[in-house]
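Only a predicted model underlies this, so the values are computations on that prediction, with no experimental measurement involved. Atoms within a ligand are numbered from 1 in the order they appear, just like the ligands themselves.
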Amino acid sequence: MAAIVSEILRKGELSKEDIIYLLGADGDDLRELFREAARIKQQYVGNSVYYRGLIEFSNICAKNCYYCGIRKGNREVKRYNITDDEIVAAAQFALDNNYGSIALQAGELESDSFTSRITGLLKRIKLISEGKLGITISLGEQTMEVYKEWFDAGAHRYLLRIESSDRELYKKIHPQDDLHSFDRRTECLRDLQKAGYQTGTGVMIGLPFQTLSNLAEDILFMRDMDIDMVGMGPYIEHENTPLIHYRDQLLPIAERFDMSLKMIAVLRIVMKDINIAAATALQAIDPMGREKAIRIGANIIMPNITPGMYRDSYSLYENKPCTDEAADDCRGCLEARLSMADADIGYGEWGDSKHWHARQQEDRDTAK
Ligand code: SAH
Ligand code: SF4
């Protein structure tokens, strides 16, 4: 067995079958997979972990994804919308603590007032930080004009998870209407690339109906789309969502966790120089989950700096960690845990995707 894994790991390009094999690895095979992913991470992106202070500023969402706790149809959740001043204060906290970057995330809304609110906020954050804070946004599907407007206002990275690259599985976990179209989601990813963003995507791991073949295709999708950054993590069920009916068919939570680590390791081997985030959902399962991901391939962490009183309500899934802690409580413990994972923290740095830089260079070279 181990011989097969070694042989696969020596290959320049992995096939779908190779990836499926690696995702099924255990024992010595798994240790070898993780060792190789850690080695590649060290060689291509180094030992630093970069922070994106995460501000989940609103749980108001126009969509109804079947897996998500803040979907529009969930009447049990208390809706909130943090004021602009509070968001800017959270950005100031990131700046004062030398986080380097922030990430603004919320439910999905498409409207002129939402667009101009975000534009104004981005400009304010650029202003208070004198351009020093890097800004990632994750605000769902929007038109090209909106993506461009926000890019011009100062956002330079965008996260839009494809959730599953398999059209059929995508259909099973979303309502069948124009608001939840697989084609629009992939088109948005292309628009983001064209608009100039470092573009991130990702999937949920351990969804009901999901197969190993789907997961291998997810990795190939990210490669073929030439994605710069990935945030992916375990699917965690939420009681007030339609997918809860399939609770009995899920992989045990520990296996979803292990599979997420394998996905990160394989992705690091396939896309050596991208940024990979250690998803917060890993920490919901294992208190050291994100640090384990950092050890075997991830290089980005998104510490939650949402003002404490709102955190309970951004309940995408059950048992979300740190919802009762103030932002600054997290800092010391995170630093200690990362040092246990042998990682340095790239304080004050943007930690842009090396893959994105390489793509820019290639574009310049071909233009010559
Ligand atoms: N509305 C935006 C951003 C907020 S949702 C968007 O959908 O793009 C951010 C991510 O949370 C989603 O992309 C999804 O992958 C993840 N998420 C939602 N429900 C989840 C669940 N039950 N388990 C794990 N991740 C979940
Ligand atoms: Fe809204 Fe995003 Fe949740 Fe879908 S995943 S319901 S778009 S917050």
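Classification of Glu36 and Arg39 as a salt-bridged pair holds, one side-chain N sitting under 4.0 Å from a carboxylate O. A salt bridge does not link Glu163 with Lys63: none of the charged nitrogens is closer than 4.0 Å to a carboxylate oxygen. Between Asp352 and Arg157, at least one side-chain N (NZ, or NE/NH1/NH2) sits under 4.0 Å from a carboxylate O, which counts as a salt bridge. A salt bridge is absent between Glu217 and Arg167: the closest approach of a Lys/Arg side-chain nitrogen to an acidic carboxylate oxygen does not fall below 4.0 angstrom. In this structure, Arg184 pairs ionically with Glu110, as a charged nitrogen and a carboxylate oxygen lie closer than 4.0 Å. Between Asp85 and Arg124 a salt bridge is recorded (basic side-chain N to carboxylate O distance below 4.0 Å).
Considering backbone and side-chain atoms alike, Ala106 places an N or O below 3.5 Å from some N or O of ligand 1. Inclusion of Glu237 in the set of residues having an N or O under 3.5 Å from an N or O of ligand 1 is not warranted. Residue Glu163 has at least one N or O atom closer than 3.5 Å to an N or O atom of ligand 1. In terms of N/O distances under 3.5 Å, ligand 1 is not approached by Gln105.
Neither the backbone nor the side chain of Tyr158 comes within 4.0 Å of ligand 1, counting heavy atoms alone. Contacts between Ala281 and ligand 1, counted as non-hydrogen atom pairs separated by less than 4.0 Å, are absent for every part of the residue. Contact annotation: for Lys63 versus ligand 1, there are no heavy atoms closer than 4.0 Å.
For atom 23 (N) of ligand 1, the closest heavy atom belonging to the protein is Ile236 N, 3.0 Å. Given atom 3 (Fe) of ligand 2, the protein heavy atom at minimum distance is Cys68 SG, 2.4 Å. In terms of protein heavy atoms, atom 11 (O) of ligand 1 is closest to Leu316 CD1, 3.5 Å. Nearest non-hydrogen protein atom to atom 16 (C) of ligand 1 is Arg161 NH1, 3.7 Å. The nearest protein atom to atom 2 (Fe) of ligand 2, hydrogens excluded, is given as Cys61 SG, 4.6 Å; this is a heavy-atom distance. Met204 SD, 3.8 Å is the protein heavy atom nearest to atom 20 (C) of ligand 1. Nearest to atom 19 (N) of ligand 1 among the protein's heavy atoms is Tyr67 CD1, 3.4 Å.
Among all heavy-atom pairs drawn from Leu109 and Gln142, the shortest one is O-NE2, 2.9 Å. Shown here for His355 and Asp273, the closest heavy-atom pair between the two residues is ND1-OD1, 2.8 Å. The two residues Thr280 and Tyr317 come nearest to each other via the heavy atoms C-OH, 3.7 Å.
Taking the six-membered ring for Trp and the full ring otherwise, the centers of Tyr147 and Tyr158 sit less than 6.0 Å from each other.
Atoms of ligand 2 lying under 4.0 Å from any heavy atom of Tyr67, numbered from 1 in the order shown and given with element: 5 (S). Heavy-atom contacts of Tyr314 reach the following atoms of ligand 1: 4 (C) (cutoff under 4.0 Å). Taking every non-hydrogen atom of Ile70 and a distance limit under 4.0 Å, the qualifying atoms of ligand 2 come out as 8 (S).
Of the residues Arg223, Arg359, Lys354, the one that meets the salt bridge (Lys or Arg N to Asp or Glu O under 4.0 Å) test with Asp228 is Arg359. Under the side chain to side chain contact (heavy atoms under 4.5 Å, CB included) test applied with Ser165, the options Asp218, Leu215, Ile219, Asn214 reduce to a single match, Asp218.
Within the 4.0 Å heavy-atom shell around ligand 1 one finds Arg185. Residue contact check for ligand 1: Pro234 places a non-hydrogen atom closer than 4.0 Å to it.
At a threshold of 2.8 Å, atom 4 (Fe) of ligand 2 has a backbone or side-chain N, O or S atom of Cys65 nearer than that distance.
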